[in-house]
Novice: 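Let me give you the structure first, and then I'll get to my questions.
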Amino acid sequence: MTINWAEIENKWRTKWQEGSDFETDPNEKPKKFITVAYPYPNSPQHIGHGRTYTLADVHARFYRMKGYNVLFPMGFHYTGTPVLGMAKRIAAGEKEIMDGLRNTYHVPEDAIKTFVEPVKIADYFHKEIKSGMIEMGYSIDWRREFTTIVPGYQKFIEWQISTLKERGRIIQGSHPVGWCPVDQNPVSQHDTIGDVEPKIDEKNFLIKFRLGEFVFPITTLRPETIFGITNLWANPNTVYKKVTVDNEIWLVSAECAKKISFFEKEVTEIGEIPGSDIIGRHATNHDGQEIPVLPADFVEPDMGTGLVMSVPSHAPKDYQALMDLKAKNHELASRIEPISIIVTKGHGLIPAKDIVEKMAISGQTDGRLEEATKELYLKEFADGRLNEKCGRFSGEKVQFGRDKIRAWLQEDGILEKFPVLENGPVRCRCGAKCVVKVLNDQWFLNYGDKGWKGLARDCLDEMSILPNNIRTEFDEVIDWLHERACARQQGLGTRLPWDGDWIVESLSDSVIYMAYYTLSRFVNDGTVTPDNLTKEFFDYVFLDKGDAELAASTSRLSGDVISTVKREFTYFYPVDSRHSGRDLVQNHLSFFVLNHVAIFAKSLWPQEIVVNGSVMMEGSKMSKSMGNIIPLRAAIKDHGADPIRLAIISSAELLQDADFNIESVSGIQSKLESLLEECSRLKNSEIGRLHAEDMWVLSKTQGRIHEITEAVEKMRLREALHGILYAFGTDLSWYTKRVTAKSRDGSDGVLAILHKINSVRVAMLSPFAPHIAEEMWERLENTGMVSKSAWPKYDASKVDASSIQAEELLKNTIDDIGNIAKVTGATPKKIVLYVSSDEFKSTVYRKVLGIMVGGQNNMGVVMKELIADPKTTDAKKNPEFVQKTVRDLHSESETIKEMRLKVESFDEKEFLKSELSDIAKKEFGVGVKVYSESDTDIYDPKGKARYARPFKPAILIE
RNA sequence: GCGGGAGUCGCCCAGCCCGGUCAAAGGCGUAGGGCUUAGGACCCUAUCUCUUAGGAGUUCGUGGGUUCAAAUCCCACCUCCCGCACCA
C-alpha cells in the first residue's frame, strides 16, 4: 500500500482546524505550558529548525493525551539587524543573495521586488515559516501569534526593560564595537564584505611611560612583563605625531592617533617628531626608572601605538632585535642584559633566547618569530610563574598574576584598555576599513552581578533540565556571564523608553515573552488595545503589584477584562517546558532564566528546559555553501510530514546531532505503510478465553506502555519511538508465530487482541506521527480522534508474571534446541526434553534467586549462604549445579528475575508439553517429547536428564 | 588559552550517570532464503573468531589502576567536535 501523505495529512489537519483542537483557554484541568524559541524570519525554515519544533510538538501532544490542558503557542522574532543588511544587498542587486532567493528559496520575483524594505523580508518568511509549521502538523494555538514589532509587544518590552532598570539590573558603561567610520554605524557580520564578524581583542592594553613632557604609550598583551623591561623600541623610519589626548600630550604613530580618536577621547595633532629623534633618549617607567629608547625595524606604526616595550627574556622578537643591535656594537644596547621574570617548567632562565637559538632565527625580520612568540606566549601563560623580580606578585601563576598586575596599573592610571580588531582588516560593505569604537553610553544588563547569578542558580537547581547532562554547561555559563549590552543603535525592535537613541537588543527582548502569549490573545481579538497596556496594568497582571483599581484606571479597561487577563496569566504561568537548540544554552536559555528570576516571583520561575542537538544532512553539516539545505516545506512535499517528523526524532538521542537521510525516511515510510495496512484489517471484537500466548502478549504490552511512557516523559523520544515502531513489532511477530503454529484462525480472539494492542500502539504513535495515527485509528474503527484519546495507562495488575516466565522459558528452550542443532549440523529427527523435578534443586534455585535479586552475584557468597541454611546445605555436594544456576540467572534481566521470584510454583513440564510441540514442529520439523527428570517411563539413552535445571530443561536431539 | 562534549563490533548509533542482565539494542550495508514474470518494496535467517551438545576465545581510542567482576569507576595520554558574546 502506497500512502498519499499529502491527502491524509490534509484531511486530518482540516479536522483539527475545524474542531479548534489546539486553541487553549483556562479550564478546570491541570495545565502544561510548552514553549519553544520563536524563529527569526529571514529565510525559510529547513529540516534543522524543524527538529526543535517537532520535539516540542510531540511533548505538547503527549501531555494533551495525558489529560493536561496544554498551551503551545508561537510568535515571530522580527527584532534585529540581519534583514537590514539583506535589504541593502538586495537593493544593490548583489548576485549571491539574489541567486539564493531565486534558486534556493524559490521566492517569487514580485515578492523579491518588495525586499528592499526590511520588514517585507520578515513578513514574507514569516508567512512561509508559519505555513511550514501548519503543514508539519504542529498543534499550535495560532490565536496568540504575534511579531515582536507590533505595538502591543513593544509595550510589553518597554515594561520589561523599565522594570529591569528600576530594579538596578541595567547599568551604563563603555563598550568597544566594530565601527564603520564612513557610515557612522556599528558593523556586525552582515555588514561586512565577505560576512566576516569583526572580532575585538579586549586583552590588549596600553601602558604609559613618560618621556619628558610627553606620554610615551606602548601597547601589550602581557602587562606582567613590565617587570622584565630593559628598553623601549621606536622605529627610526617612522615619523611620530605629537597629539593632545584629553589633557595630556602623547607621542604616537599617525595610525594610532586615528584609532584613539574613536575611543571617546579628545585628540588633536599639534606637531610631529621623527623616530630617529626619540631614539637614544630615556623614558621613565611606573616606578621612576630610566629606560632607554632603542631603534628597531620590526616596529610597525600600524600596530598599537607604534612604540613598543622590550622584554628580551620572554619575547623572542625583543631578544632578536637586541642581539641584532649588539652585533652592530650599538653602545647602549651592549650594556643591556635580559631580565628574567617568569619561571616555566622545562624552560631555561631566558626562554626567548633558547627558542630563538633552537629555531635558528636569522634576524628581527625573520617571519618565524611570530611562531616563536606564539609558542612561548602560550607556554608561559599556561605553566609559568612570576619570580621575585615581580615584587608582591612573586610566585603567582602568570594567568592569574597578569590580571592582578593589570588591575594594579589601571588603578594608578598607568594602564588603560586598547581594544583592537583581532581579525583585521575588516571592510564594511561600503568599502571603508572598520575600526574599533568605544561607546561610552552603552546600556548593559548586569549579568555579572553575584546576587543575580545566585538567583539564577536557585532557579536552575530546582528546574528539570533535559537531558540532565547539559546542566553543568548551564552552571558554567552562569559563572562566566558578565555585563551584556542590551541596546543597539540600529535594527528593528523597541526603543528604550528612557533613551530613544537606543533599540532593545534582540536577545534581550526575547527572554520573558512567554508571558505575553497569555495576553496576546486579547490584543489580537481587540479586547485589549496597545494603549491600554500601561505600567500599572502589567505590574498588576504579571507581578500582582498594585491593585485592580489602579490597573483599571490607568489602562482604561474594565475590571472584568483585567481579571480575565490576569486569570489567564495566573493559570498558564509558569512555563512548564522551554525547548531550544543547544546553541542557545550560552545565550538565550541562560538569559531566559536570568530575566525570569529578575522579574517574576519564585512561583512563576520556569520549570523545565529541554535542549536538543542540531540536524546533519546525509552525514555532513548543513550549510549554504554546500547547498545541502533542504527547506522544510519542500521536504514535506516530497516525503510527507509524518515521515520527516519520525526521521528527525529517530535518528539520534536528544542532545546528539541527528542525521537526516533519505534512506531512513523511506524506511520509516514503509514501516508506517505496513502498520496502516495492518490496522486496516483488524476489527474490534470480543476477546475470548485467553491462551498462554495471549496472556503473554497482553502482559508484554503493559511493559511496553510502561517503558515508552517513561521515555517520553524524559524526552528520550528516539527510545520511545523505537519501542512503538519496532519493539512492539518484535512482540507481535513472536505472538503471530505462536498463533500460527497452533493454527488458531483468529476467530477465537486473536484478531481482537491484535486490534487492542495496535490501538494502544497507534495511540502512543499519535504525538509523533499525528496525521497517519489518526488515519490508523479510523481504520481500526475506534471512536473519536486519537489525538483526543487518552494516553495508554500502565496497569501493573495486568502484568501476569507467570505467563511472561513461561514464554521466556519457551523461547529460551527453542533457542537452545536451535543452537544445538546448528552446532551439530544435523537435522533433528527426534527431540526430547527433560525438565527438572528435583525438590532439592528447586529449593536451591529459589534460594539462589532470592540472593541474586538482592544484588549479590558472587559465587562464593551465594555458596556460603546456601550452606548456612540447613535446607540447602547439601548444595556443597553439587557445586557445579550451583555454579551453572548462578550463570543462568546472570544472563536474565533484573525484571525477569524479580518476576520469577514472585511466581511461587510453575509446572514446566505441563507448560512445555502443551505449548512447545506445535511451534517446534514448525521450527524444526519434528515434535517434542517432554519428560520429567523423575518419570519412571523416561526415555533417556544418553543420561541427559540429570543435567536438567529449573527453567533450563536438558535436551536430547537425535 | 578558557569552558563544554565525543571516540563502541563494515558504517551510523544506543549502552556509561547507577560495574555483573554485554559479543554489546536498533538502523544501514552485506550474504542466503521467501514473495514476484523481473526489479523495487516487504518478510525470514545470518553477519568478531573458533566450535559435531546448548560452549570457548578476543573485543568498546591508547596505556595504567580499583574490583571477585570494567564499554561502564579512577588516573594519564592521543585524536576529534562545539562555544568564547553584544549576533540571531
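We use all heavy atoms of the structure for the numbers below, so side chains are in, but hydrogens, waters and symmetry mates are not. By convention in this document, chain letters (A, B, ...) are assigned in the order of the sequence lines, proteins followed by strands, and residues within each chain are numbered from 1.
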Novice: For nucleotides 29-31 of chain B, give me every protein contact, N/O to N/O, under 3.5 Å, one pair per line with atom names.
Specialist:
none

Novice: Specify the separation, in whole Å, of atom CG of A:Leu646 and atom C1' of B:G26.
Specialist: 15 Å

Novice: Does the protein touch nucleotides 38-49 of chain B at the base, only the backbone, or not at all? Give it as B, S and - per nucleotide, heavy atoms under 4.0 Å.
Specialist: ---SS-------

Novice: Using whole Å, what does the distance between atom C1' of nucleotide B:G54 and atom NZ of A:Lys811 come to?
Specialist: 18 Å

Novice: From the options B:A88, B:G5, B:G54, select the nucleotide whose nearest atom is closest to the side chain of A:Thr472.
Specialist: B:G5

Novice: Is the closest basic N to carboxylate O distance between A:Asp475 and A:Arg457 below 4.0 Å?
Specialist: no

Novice: In this structure, is the centre-to-centre distance between the rings of A:Tyr38 and A:Tyr513 below 6.0 Å?
Specialist: yes

Novice: With a 4.0 Å cut-off on heavy atoms, is A:Leu655 in touch with a base, just the backbone sugar-phosphate, or nothing at all?
Specialist: nothing

Novice: With A:Ser508, which residues qualify under side chain to side chain donor-acceptor pair (under 3.5 Å), at least two apart?
Specialist: A:Glu505

Novice: Between the base of B:G54 and the side chain of A:Asn819, is there a donor and acceptor pair under 3.5 angstrom?
Specialist: no

Novice: For B:C87, take OP1 and OP2 only and decide whether either is under 4.0 Å from a side-chain N or O of A:Gln586.
Specialist: no

Novice: Go through B:A14, B:C87, B:G83 for me and flag the one nearest to the A:Glu653 side chain.
Specialist: B:A14

Novice: Heavy atoms under 4.0 Å, any strand shown: does A:Ala954 hit a base, just sugar-phosphate, or nothing?
Specialist: base

Novice: Quick check on RNA chain B: between A:Ile200 and A:Leu507, whose nearest nucleotide comes earlier from the 5' end?
Specialist: A:Ile200

Novice: Only counting residues at least two apart or in another chain, list the ones meeting ring-ring contact (aromatic ring centres under 6.0 Å, His included) with A:His639.
Specialist: none

Novice: Between B:G4, B:G54, B:A88, which nucleotide gets closest to the side-chain atoms of A:Leu584?
Specialist: B:A88

Novice: Suppose we define a pair by two distances each less than 3.5 Å, Watson-Crick or G-U wobble; what does B:U62 pair with here?
Specialist: B:A76

Novice: Quick one about A:Asp583 and A:His588 (side-chain donor to acceptor, distance below 3.5 Å, no hydrogens or angles considered), yes or no?
Specialist: no

Novice: Give a yes/no answer on whether the side chain of A:Arg718 brings an N or O atom under 4.0 Å of OP1 or OP2 in B:C12.
Specialist: no

Novice: Checking all strands, does A:Ile817 fall into the base, sugar-phosphate, or nothing category for heavy-atom contacts under 4.0 angstrom?
Specialist: nothing

Novice: State which residues pass salt bridge (Lys or Arg N to Asp or Glu O under 4.0 Å) with A:Arg89; sequence neighbours excluded, sorted by chain then number.
Specialist: A:Glu94, A:Glu96

Novice: From C-beta outward on A:Ile955, which listed nucleotide comes closest to its side chain: B:A88, B:A14, B:G54?
Specialist: B:G54

Novice: If you look at every strand shown and take non-hydrogen atoms under 4.0 Å, does A:Gln656 touch a base, only sugar-phosphate, or nothing?
Specialist: sugar-phosphate

Novice: Give the nucleotide from the list B:C86, B:G4, B:C13 with an atom nearest to the side chain of A:Ala485.
Specialist: B:C86

Novice: Could you give the CZ-to-C1' distance, from A:Arg582 to B:C81, as a whole number of Å?
Specialist: 10 Å

Novice: Does a side-chain N-to-carboxylate-O contact under 4.0 Å join A:Asp816 and A:Lys952?
Specialist: yes

Novice: What residues, two or more places apart in sequence or in another chain, satisfy ring-ring contact (aromatic ring centres under 6.0 Å, His included) together with A:Phe592?
Specialist: A:His596

Novice: Is A:Ser510 near enough to B:A88 that one of its side-chain N or O atoms lies under 4.0 angstrom from OP1 or OP2?
Specialist: no

Novice: Quick one: do A:Glu719 and A:Lys714 make a salt bridge, cutoff under 4.0 Å?
Specialist: no

Novice: Centres of the A:Tyr447 and A:Phe591 rings: under 6.0 Å?
Specialist: yes

